[in-house]
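Accompanying notes for the structure given below.
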Amino acid sequence: MGYVFSNKHETLDEALNVLSQYLNQEVTEKDVRKIDMKVGYQKQPWINNCVAMGLSQGFVEPLEATGLLMFDVTARIFADLIPPDKTLLNCTAELFNRDITQMWESTCDFIQLHYCLSKRTDSQFWIENTDESRLSPTLKEKLSLWQRKLPSQFDFRYSVDSFRLDNFLYVLYGMNFKTNLEHYAHMFENKEQDIQNLKNSISEGVRFCEQNLTGHRAFLEQVNKFGLTKV
């Protein structure tokens, strides 16, 4: 297990204390492997005859495994763009760099969305990451738009973006983002029963999971005790 923290807002000793409280046992520096993360991405991943792939291309966050998706898509784009002769290399590299930069920029927006909508103000980390002035121009523009209209597929104009409408909807409304639905009232007339049926269906699904699925920690403890094949 691990604990991710910002060393601009928390010292190693403070992080160890958080981990100790979570595990209900003392954790010291000798008990952990500290991994420093260099965050960012290459503006020009393809230069001459060299193409950066994987972690040499970029790394922006450790929690949602966005890197795995990015590296897979990057490799497929590169394979598709390999030109039939060297005269097209410069043009191909330019296309590749433009698309990959767009992918990283849109991914950064999606990651930042998870933080900027938080209502937490209990630490300087959250105060800074919910500050609107820290948002990228594209994310700020979209959030301003979505306060007045529902997001649509046409708000995402680049086919290379890894995260699009559905991904943003899950985070936006999962974090109680408010959209003024006044102009959409006609769409929801006489929909009360449909909405209630949907709520009932979701509740039934939740009850089924609670009654039939093993909790995450309990599952891991079973794997540790019996091995994966017997769980």
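Annotation: side chain of P62 is not in contact with side chain of I35 (no heavy-atom distance under 4.5 Å). In this structure, the side chains of V206 and E210 come closer than 4.5 Å at one or more pairs of heavy atoms. Contact check for Y158 versus D99: no side-chain heavy atoms found under the 4.5 Å cut-off. Looking at heavy atoms from C-beta onward, L198 lies in side-chain contact with I202 at the 4.5 angstrom threshold. Contact annotation: the side chain of F71 approaches that of L55 to within less than 4.5 Å [non-hydrogen atoms, C-beta and beyond]. Side-chain contact check for F125 versus F5: every heavy-atom pair is 4.5 Å or farther apart. Contact annotation: the side chain of L16 approaches that of L12 to within less than 4.5 Å [non-hydrogen atoms, C-beta and beyond]. Put simply, the side chain of L172 reaches to within 4.5 Å of the side chain of L113, judged on heavy atoms.
Side-chain contact of N200 with Q196: a donor-acceptor pair under 3.5 Å is present, judged by distance alone. Looking at T28 and D31, their side chains do bring a donor and an acceptor atom within 3.5 Å of each other. Side-chain atoms of Q193 and N197 form a donor-acceptor pair, as typed in the model, at a separation below 3.5 Å. Between the side chains of S133 and D131, a donor-acceptor pair is found at a separation under 3.5 Å. E10 and Y3 form a side-chain donor-acceptor contact under 3.5 Å, judged by distance and modelled atom types alone.
Put simply, the side chain of T179 gets close to the backbone of W146: a donor and an acceptor are under 3.5 Å apart. Side-chain atoms of S20 come within 3.5 Å of backbone N or O of V27 as a donor-acceptor pair. Put simply, the side chain of S56 never gets that close to the backbone of A52: no donor and acceptor are under 3.5 Å apart. Under a 3.5 Å cut-off, the side chain of S144 and the backbone N or O of K140 do not form any donor-acceptor pair.
For K119, the NZ atom counts as densely surrounded, since its 6.0 Å shell holds more than 12 non-hydrogen atoms of other residues, nucleotides or ligands. In N180, the CG atom is crowded: over 12 heavy atoms of neighbouring residues, nucleotides or ligands sit closer than 6.0 Å. Around CD of Q124, the count of heavy atoms belonging to other residues, nucleotides or ligands within 6.0 Å exceeds 12. Sparse packing is recorded around CG of N24, with 12 or fewer heavy atoms of other residues, nucleotides or ligands lying under 6.0 Å away. Summarising the local packing, OH of Y22 is surrounded by 12 or fewer heavy atoms from other residues, nucleotides or ligands at distances under 6.0 Å. Counting non-hydrogen atoms of other residues, nucleotides and ligands closer than 6.0 Å to OH of Y170 gives a total of 12 or fewer. In this structure, E141 places its CD atom where only 12 or fewer heavy-atom neighbours from other residues, nucleotides or ligands lie under 6.0 Å away. Dense packing is recorded around CD of E128, with more than 12 heavy atoms of other residues, nucleotides or ligands lying under 6.0 Å away.
Scored by the ring-ring contact (aromatic ring centres under 6.0 Å, His included) test, W46 finds F78, F96 as partners (sequence neighbours excluded).
What you find for F110 and N167 is that their closest heavy atoms are CE1-O, 3.4 Å. Across all their heavy atoms, A75 and M53 have their closest contact at CA-CE, 4.0 Å. Of all non-hydrogen atoms in R164 and Q153, the two that sit nearest each other are NH2-O, 4.4 Å. When all heavy atoms are compared, the tightest approach of T214 to Q222 is CG2-NE2, 3.5 Å. Between M103 and S162, the closest heavy-atom pair is CE-OG, 3.7 Å. Taking both residues in full, the closest heavy atoms of L135 and C116 are given as CD2-CB, 3.6 Å, listed atom of the first, atom of the second, then distance.
Comment: D72 engages R76 in a salt bridge, judged by a side-chain N to carboxylate O separation of less than 4.0 angstrom. Ion pair K34/D36 flagged as a salt bridge, since at least one NZ, NE, NH1 or NH2 atom sits closer than 4.0 Å to an Asp/Glu carboxylate oxygen.
For residues 101-118, every residue pair satisfying the salt bridge (Lys or Arg N to Asp or Glu O under 4.0 Å) rule, not counting sequence neighbours, is listed here: K43-E105.
In this structure, I100 CD1 and I77 CD1 are separated by 4.0 Å, a value rounded to the nearest 0.5 Å. In this structure, S106 OG and F168 CZ are separated by 7.0 Å, a value rounded to the nearest 0.5 Å. Atom CD1 of I111 sits about 6.5 Å away from atom OG1 of T107, to the nearest 0.5 Å. Within the model, atoms CD of Q42 and OG1 of T101 stand 10.0 Å from one another, a figure rounded to the nearest 0.5 Å. To the nearest 0.5 angstrom, L89 atom CG is 13.0 Å from E94 atom CD. Taken to the nearest 0.5 Å, the OG1 atom of T138 stands 11.5 Å off from the CZ atom of R157.
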message: Between L213 and F219, is the side chain to side chain contact (heavy atoms under 4.5 Å, CB included) condition met? List the steps.
response: CA-CA 9 Å; L213 298 182; F219 174 78; over 6 Å; no
task: Assess whether side chain to side chain contact (heavy atoms under 4.5 Å, CB included) is satisfied between L19 and M1, documenting all intermediate values.
output: CA-CA 10 Å; L19 201 55; M1 64 167 296; 3.7 Å; yes
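Cluster membership for L117 and L181, using ILVMFWY side-chain heavy atoms within less than 4.5 angstrom, is shared. Both L165 and Y184 belong to a single network of hydrophobic side chains, linked directly or stepwise wherever heavy atoms of I, L, V, M, F, W or Y lie under 4.5 Å apart. The same ILVMFWY cluster, assembled from side-chain heavy atoms under 4.5 Å apart, contains both F177 and L169. Both V4 and V60 belong to a single network of hydrophobic side chains, linked directly or stepwise wherever heavy atoms of I, L, V, M, F, W or Y lie under 4.5 Å apart. Hydrophobic clustering keeps V51 apart from L88 (ILVMFWY residues linked when any side-chain heavy atoms are closer than 4.5 Å, directly or through intermediates).
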